[in-house]
Amino acid sequence: MVQDDVIAAWSFFPLMSSGIINGIATILLILFIDPKASVLADRVMKNPSQHIYLKSYSLTMISSSLLGTIGAQILFIPAAYYVAWFAKWILILLNLCLFFFK
C-alpha cells in the first residue's frame with residue numbers, strides 16, 4: 001500500500017520535467033541570444049546602411065528555430081523513453097529509501 005502511494009505521489013515527475021526544460025531554455029535564450037540581437041538592433045539604428053546584417057540575423061534565427069523544432073521532433077520519442085526510464089529509477093530509489101529508513 002505504501003508503494004502505491006509513493007508511485008501515485010511521484011507519477012507527476014515526467015510532467016514536471018517539461019517545465020524545468022522550458023525554464024532552462026528560456027534562461028539560455030535571455031543570456032545568449034537577446035543581448036546580441038539588442039546590440040545589433042542598436043547598431044542598425046545608428047547606421048541604417050547595416051540593415052542587411054539585422055535582416056540576415058533575423059533569417060538565421062528563424063531558420064535555426066525551424067531546424068531546432070524539426071530536430072526536437074526527431075528526438076522526441078527517444079527522449080520520452082529516457083524520461084520514463086529516469087522516472088522509474090527515481091521511484092526505485094525512493095522505494096529503497098522508504099524500505100531502509102522505515
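- No continuous path of ILVMFWY side-chain contacts below 4.5 Å connects Val39 to Leu29, so the two sit in separate hydrophobic clusters.
- Phe86 is connected to Leu96 through a chain of hydrophobic side-chain contacts under 4.5 Å among Ile, Leu, Val, Met, Phe, Trp and Tyr, so both are in one cluster.
- Linking ILVMFWY residues whenever their side-chain heavy atoms come closer than 4.5 Å, directly or via other members, leaves Ile33 and Ile21 in distinct clusters.
- Below 30°, between 30° and 60°, or above 60°: for Trp85 and Trp89 the angle between ring planes is above 60°, a perpendicular geometry.
- For Asn47 (side chain) and Arg43 (main-chain N/O), no donor-acceptor pair under 3.5 Å exists by modelled atom type.
- Leu31 is linked by a side chain to side chain contact (heavy atoms under 4.5 Å, CB included) to Ile27, counting only residues two or more places apart in sequence or in another chain.
- Expressed to the nearest 0.5 Å, how far CG of Asp34 lies from OG of Ser38 amounts to 6.0 Å.
- Hydrophobic clustering places Leu66 together with Ile74 (ILVMFWY residues linked when any side-chain heavy atoms are closer than 4.5 Å, directly or through intermediates).
- Thr26 pairs in a side-chain contact (heavy atoms from CB on, under 4.5 Å) with only one of the listed residues (Ile24, Leu28, Ile30), which is Ile30.
- For the pair Leu40 and Leu54, the tightest heavy-atom approach, listed with the atom from each and the gap, is CD2-CA, 3.9 Å.
- Taking hydrophobic clusters as Ile, Leu, Val, Met, Phe, Trp and Tyr residues chained together by side-chain heavy-atom distances below 4.5 Å, Leu67 does not share a cluster with Met61.
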